[in-house]
Amino acid sequence: AKNLGILDLDQIELAKKLLHEGQCHLFANWADQGVDDEKKKCFFAQVSRLNGNYPGGLSAYIQNARHLLADSKAGKNPFEGFIPSVPSGEVLTFGDDNFVMFEEAGVKEARKAAFVLVAGGLGERLGYNRIKVSLPSETTTGTCFLQHYIESVLVLQEASCKLLQETFHVEIPFVIMTSDDTHIPTLKLLESNYYFGMKPDQVILIKQEKVACLDDNDARIALDPTDKYMIQTKPHGHGDVHSLLYSSGLLNKWRDAGLRWVLFYQDTNGLLFKAIPASLGVSVTKGYHVNSLAVPRKAKEAIGGITKLTHSDGRTMVINVEYNQLDPLLRATGHADGDANGETGYSPFPGNINQLILELGPYIEELTRTHGAISEFVNPKYKDSSKTSFKSSTRLECMMQDYPKTLPSTARVGFTVMDTWLAYAPVKNNPEDAAKVPKGNPYHSATSGEMAIYRANCLILRKLYLLLERSEIFFFFLAGVKIADPATVVFNGQEVEIWPRITWKPKWALTFSDVQKKVKEGCSFSQRATMVLNGPNIYLQGLSLDGTLIIHAVNEAQVQVSGSVQNKGWVLMPADYKDKSLPEEISIRGFVIEKLEQLEIAGRENSGSSD
Ligand code: UGB
């Protein structure tokens, strides 16, 4: 009370609320009036922010926390009364007629979409010191994740208008959710790279705030151990994206501008855009309000499982069950083996890759009802089985994929399963942890993320080969593309396949049809091949590559490539992640590309073709 003189009326009200909610300890060690007054003002400024950023304010946060902590202590099953089963969804096979049809439908519809990247996570598991979106997705071109995402959206934007022969210009909104940990570096990365070719006002940054940490089961707010005038805070999770979009007013603006879809995705999946056109096509064709992208999942893999939950009272929902909850849920409902692989070698529950496509109209309706609040959870690390004290402070969290939990059962919630090689290769784990991943499960490291891009591109080209082989059986030896088999190598303790390092910019190809139009028969790539395709009008026919070939064909320049190219090429030399002399983005993948020799072709506009 003796400190009240330094507070304004709102702050006095807030102080009273905190005291009412059993938070007296926050003030227990405060200095006398007149001492540390500036620090005390800062404390209340922080309290005001925490109060304003949570639907219902700090009182609601503390009360919700008490309920969830009590449930956690009692070991209450969050799925009480629900029986899990394997849902049915759309399963796509890359390259078949159905896939191509969905891709075309998706590209057409892309001009009515907004893209939302959640990039507020620090990536503690990855242990990379910079923001994750600044990490190269592959080191052949050094393109970072953010650049790849932006370039892909720009190409979709152009392709969508072209396909509909519309001449007006559309700008697909590109939103990035940042946090205090990532906001400034994300902005700097954009600014120092001229927004990677996107108009600056097309990129919208929304920043999530952290929430207060809690010291015990009574939800007593934790103070920073080094500063008694500061509350300890931690991220609330990617679920914040819904309330932020709602409060930003963006959703209504998009609806008024005629948009129909919002696509959400994560920060480090270099394959993502290979799956987006077809999955958007599924949303359009099937009329899904919610479409989650999924891949076959290995049991115990650290990705959630898409599950149908049926309650004894008749309620049903198709929802992601997080990886740490799936096993106990299955065991509690009569599946003695819990989260186990089936006969196919995979879990019967498709793996959630946290890429969601929501239809804007129903999304706005739902958020108007909930104000974007997403069901929360708490995950305290208890000191012992009495569950009375924590090893370290905890906080409430929420996940963006829990959005369907509050939807009525009439909502059309579906999912689309694609091959992992095509759709999912995130970079989440540091080399040490990746090396400990059980054999057969994915590493999800910088090493595996890069190798997955080469593999996907090679498998896409091989698919051309298979198609031609089938349809032009008499030209078997001339047809399609021959890609050498991969070599198996160990980098940073992880056994990976190295395929020929074939990369292309989104403007060369985003869909399978794009690739089909630009690669003709008779091409072959040796295991030592590296190829970079940078430009929309590069055509390959009868190319035989054993070495490195870099082709730039900017704007309208056309390049036709054929014949044999052989040189010393670029070689992958092993590197150790503990080697501090190497840049971190290199050492975490366990190899350096040594550029010995290459052929570079730079096409000029109106220069015709070059062989
Ligand atoms: N993120 C934020 O923007 N804000 C936050 O507060 C936290 C994260 P993680 P996670 O695909 O493998 C998810 O940490 O949460 C961003 C799914 O829940 O990489 O452990 C962050 O920047 C899980 O079901 O993943 O697990 C990143 O872009 C499964 O799909 C994204 O949120 C798993 O991802 C994900 O954060 C997976």
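Start at 1 and go down the list; that is how both ligands and their atoms are numbered.
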When you compare the side chains of Thr416 and Tyr288, does any donor N or O come within less than 3.5 Å of an acceptor on the partner? no
Would you mind writing out a table of all protein N or O atoms found under 3.5 Å from any N or O atom of ligand 1, naming both atoms and giving the distance to 0.1 Å?
| residue | atom | partner | partner atom | Å |
| --- | --- | --- | --- | --- |
| ligand 1 | 3 (O) | Gly120 | N | 2.7 |
| ligand 1 | 4 (N) | Gln208 | OE1 | 2.6 |
| ligand 1 | 6 (O) | Gln208 | OE1 | 3.2 |
| ligand 1 | 6 (O) | Gly237 | N | 3.2 |
| ligand 1 | 11 (O) | Gln266 | NE2 | 3.0 |
| ligand 1 | 11 (O) | Tyr424 | OH | 2.5 |
| ligand 1 | 12 (O) | Tyr424 | OH | 2.3 |
| ligand 1 | 12 (O) | Lys428 | NZ | 3.3 |
| ligand 1 | 15 (O) | His238 | NE2 | 3.1 |
| ligand 1 | 18 (O) | Glu322 | OE2 | 2.7 |
| ligand 1 | 18 (O) | Gln401 | NE2 | 2.7 |
| ligand 1 | 19 (O) | Lys428 | NZ | 2.8 |
| ligand 1 | 20 (O) | Arg125 | NH2 | 2.9 |
| ligand 1 | 20 (O) | Tyr323 | OH | 3.3 |
| ligand 1 | 22 (O) | Gly121 | N | 2.9 |
| ligand 1 | 22 (O) | Asp267 | OD2 | 2.7 |
| ligand 1 | 24 (O) | Gly304 | N | 3.3 |
| ligand 1 | 24 (O) | Glu322 | OE1 | 2.8 |
| ligand 1 | 24 (O) | Glu322 | OE2 | 3.4 |
| ligand 1 | 24 (O) | Asn352 | ND2 | 2.9 |
| ligand 1 | 24 (O) | Gln401 | NE2 | 3.3 |
| ligand 1 | 25 (O) | Lys428 | NZ | 3.0 |
| ligand 1 | 28 (O) | Val118 | O | 2.7 |
| ligand 1 | 28 (O) | Asp267 | N | 3.0 |
| ligand 1 | 28 (O) | Asp267 | OD1 | 3.2 |
| ligand 1 | 28 (O) | Asp267 | OD2 | 3.1 |
| ligand 1 | 30 (O) | Asn352 | O | 2.7 |
| ligand 1 | 30 (O) | Asn352 | ND2 | 3.3 |
| ligand 1 | 34 (O) | Gln266 | OE1 | 3.1 |
| ligand 1 | 34 (O) | Lys428 | NZ | 3.0 |

According to salt bridge (charged side-chain N to carboxylate O under 4.0 Å, His left out), who are the partners of Lys505, at least two apart in sequence or on a separate chain? Glu151
With sequence neighbours excluded, residues passing side chain to side chain contact (heavy atoms under 4.5 Å, CB included) with Tyr346: Pro296, Lys298, Thr344
Under 6.0 Å from the NZ atom of Lys308, do we count more than 12 heavy atoms belonging to anything else shown? no
Consider side chain to side chain contact (heavy atoms under 4.5 Å, CB included). Of Val321, Leu330, Thr310, which one does Pro84 pass it with? Leu330
For Tyr323, all residues meeting side chain to side chain contact (heavy atoms under 4.5 Å, CB included), sequence neighbours excluded: Arg125, Arg297, Ala302
